[in-house]
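Numbering of residues begins at 1 and proceeds along the displayed sequence. Not measured: the values here are computed from a predicted model. Any value given below was found using the heavy atoms of this structure, including those in side chains, with hydrogens, waters and symmetry copies removed.
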Amino acid sequence: MELADRAVGFLLSVTSLSIFTYYTFWVIILPFVDDDHFVHKYFLPQEYAILIPVSAGVTLLCFLSIFVGVVMLKSKRKKA
């Protein structure tokens, strides 16, 4: 089981590092590259650089709020 946990941890680390590198290059470096350069075809338009993280954050907060609400309701039922 320990080997599986290490493999999952390694996979999550590689995935998060790849996403961080892609996003950093997209947001910080790409605006300084010419618009007709071939590297622009590998990235979404700049508007999505804000839209994607904001929507992911709102979705995360919604699921977190629902989870906390369900836990509070269950703990209230146990006391009663």
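Trp26 places a side-chain N or O within donor-acceptor distance of the main-chain N or O of Leu44, the cut-off being under 3.5 Å. Using a distance-only test at 3.5 Å, with no hydrogens or angles considered, no donor-acceptor pair links the side chain of His37 to the main chain of Leu30.
Hydrophobic clustering places Phe38 together with Val33 (ILVMFWY residues linked when any side-chain heavy atoms are closer than 4.5 Å, directly or through intermediates). If you chain together hydrophobic residues whose side chains sit under 4.5 Å apart, Val70 and Met72 never meet in one group. Under a hydrophobic clustering in which Ile, Leu, Val, Met, Phe, Trp and Tyr are joined whenever their side-chain heavy atoms come within less than 4.5 Å, directly or via other members, Leu17 and Ile29 fall into different clusters. At a threshold of 4.5 Å between side-chain heavy atoms, the hydrophobic network of Ile, Leu, Val, Met, Phe, Trp and Tyr places Ile52 and Ile19 in two separate groups. Note on Leu51: it clusters hydrophobically with Ile28, by side-chain heavy-atom contacts below 4.5 Å among ILVMFWY residues.
Considering Val14, Thr21, Thr15 in turn, Val14 is the only one that fulfils the side chain to side chain contact (heavy atoms under 4.5 Å, CB included) rule with Ser18.
Distance OG/Ser55 to CD1/Ile50: 11.0 Å, rounded to 0.5 Å.
Smallest separation of non-hydrogen atoms from Val39 and Phe25: CG2-CE2, 4.1 Å.
For Phe43 and Tyr48, the ring centers sit 6.0 Å or farther from each other.
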